Amino acid sequence: MSAGPILSGGIGDGPAAALQSIDTAALAGWASDALIASTLLMLVVLLVRAPVRRAFGAQVAYALWALPVLRLVLPSMPETWHAAATPITRAGETISVYMIAPAATAVTTGAMMAAATPDVVEPSFGAVVAGVFGGGLGSALGAAWAVGALGLLVWHLLQHRRFCRRMLDSADRLDDRDGVRVIATAAAPGPLAFGLVRRYVAFPRDFADRYDADECELALAHEIGHHQRGDLFANWVALIVLALHWFNPVAWHAFRRFRADQELANDARVLAGRSAVDRHIYACAIVKAAHGGAVSAACHLHTITDLKGDCAC
């Protein structure tokens, strides 16, 4: 009589628990595949960015950074693709034909043929990881990864909010260019662009005193270019990718190089078709405006780290 409740509980809880285990394992497999593949793509971009820039220009080198992002967004290859490719890979194999006595049945023949040519599906690396870390250890690692990713992203959001508030608290409105509000503020260390919905370009208050009119105009063109190209949005996408890879030193280095390539691509856009005199003026403005720190989501004219990196590349 007591077997009824026990059997009912096993039937009710078993499928749900099994489904949750399968979902967790599938998520772990997808995450490991995506993170490893995107890391490999980051390494590829780090290796080829300099020769690509020399051969095809800074714009193309900057566009290469879309590859790791696309790999994170696109789904993994299904595990059955190995089976689908099997007939092609076996095209050169030798086929042995056995003559079966008439007494043998068709079932025996089919079984022998199936045993001679087994259909093997090789598991992906993500499936192996899901199998190994599908238990309590996998849950703990997944929780640590999620906490780290969310913590880094929230920290950047709070830092950027404080930064924007500091820029606007002491700001004087100077001009409006192409839907971008130009302000002067004592909080700006140099020319910079910020804001996704309300778009701003900030200059230091003494910028007009330290730079001539041509340098100011080129610096403004550079910062407005960041808004026009969507670089502020790209920075937030890159920060999300960095948050997913918060434990990965390759991703931190790739993020810094991504920002350097972003500045070089914008420089190329500003200087396209300009004279050698304008290029010299622009270079002087960059050197004068270079400063020590930078907020990750904002676009600065150039930092000292950027200039050192440009010289090293």
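From a predicted model like this one, the values you see are computed outputs, not experimental measurements. Hydrogens, waters and symmetry mates play no part in the numbers below; they use all other heavy atoms, side chains included.
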Glu223 and Arg229: CA distance, side-chain angles, deciding distance, salt bridge (Lys or Arg N to Asp or Glu O under 4.0 Å) verdict
CA-CA 10 Å; Glu223 300 305 332; Arg229 287 161 40 91; over 6 Å; no
Which class fits the ring pair Tyr282 and His222: parallel under 30°, tilted 30 to 60°, perpendicular over 60°?
tilted
Rounded distance [0.5 Å steps], CD1 in Ile281 versus CD1 in Ile286
12.5 Å
Before you tell me yes or no, could you show the steps for Trp236 and His160 under ring pair (Phe, Tyr, Trp, His ring centres under 6.0 Å), namely the whole-Å CA-CA distance, both residues' side-chain angles and the distance that decides it to 0.1 Å?
CA-CA 11 Å; Trp236 281 111; His160 187 68; 5.4 Å; yes
Val201 side chain near Arg181 side chain, heavy-atom distance below 4.5 Å
no
So, taking the atom named CG in Leu64 and the one named CG in Leu41, what distance separates them when rounded to the nearest 0.5 Å?
10.5 Å
For a side-chain hydrogen bond (donor to acceptor under 3.5 Å, both in side chains) with Asn235, tell me which candidate from His226, Gln262, His156 qualifies.
Gln262
Using 0.5 Å steps for rounding, measure from the CZ atom of Phe255 to the CG atom of Leu242.
6.0 Å
Any Cys164 side-chain heavy atom under 4.5 Å of Met167 side chain
no
Leu218 side chain near Tyr211 side chain, heavy-atom distance below 4.5 Å
no
Side chains of Leu244 and Leu72, heavy atoms from C-beta outward: is any pair under 4.5 Å?
yes
Do Leu35 and Phe247 have side chains that get closer than 4.5 Å, going by heavy atoms?
yes
Pairwise distance SG(Cys284) to CG(Asp212) - rounded to 0.5 angstrom:
8.5 Å
Let me confirm one number: the CG-CG distance from Asp261 to Asp267, rounded to the nearest 0.5 Å.
11.0 Å
Is any side-chain heavy atom of Leu192 closer than 4.5 Å to a side-chain heavy atom of Tyr200?
no
Closest heavy-atom pair and its distance - Pro191, Pro204
N-CD, 4.1 Å
Beyond-backbone contact of Leu174 with Ile183, side-chain heavy atoms, under 4.5 angstrom
no
Apply salt bridge (Lys or Arg N to Asp or Glu O under 4.0 Å) to Asp178 and Arg199, showing your working.
CA-CA 10 Å; Asp178 300 325; Arg199 304 186 299 173; over 6 Å; no
Which value, rounded to the nearest 0.5 Å, describes the distance between Arg269 atom CZ and Tyr62 atom OH?
12.0 Å
If we only count heavy atoms from C-beta on, is the Arg210 to Glu215 side-chain gap below 4.5 Å?
no
For residues Val69 and Trp252: do they belong to one hydrophobic cluster (side chain heavy atoms under 4.5 Å, members Ile, Leu, Val, Met, Phe, Trp, Tyr)?
yes
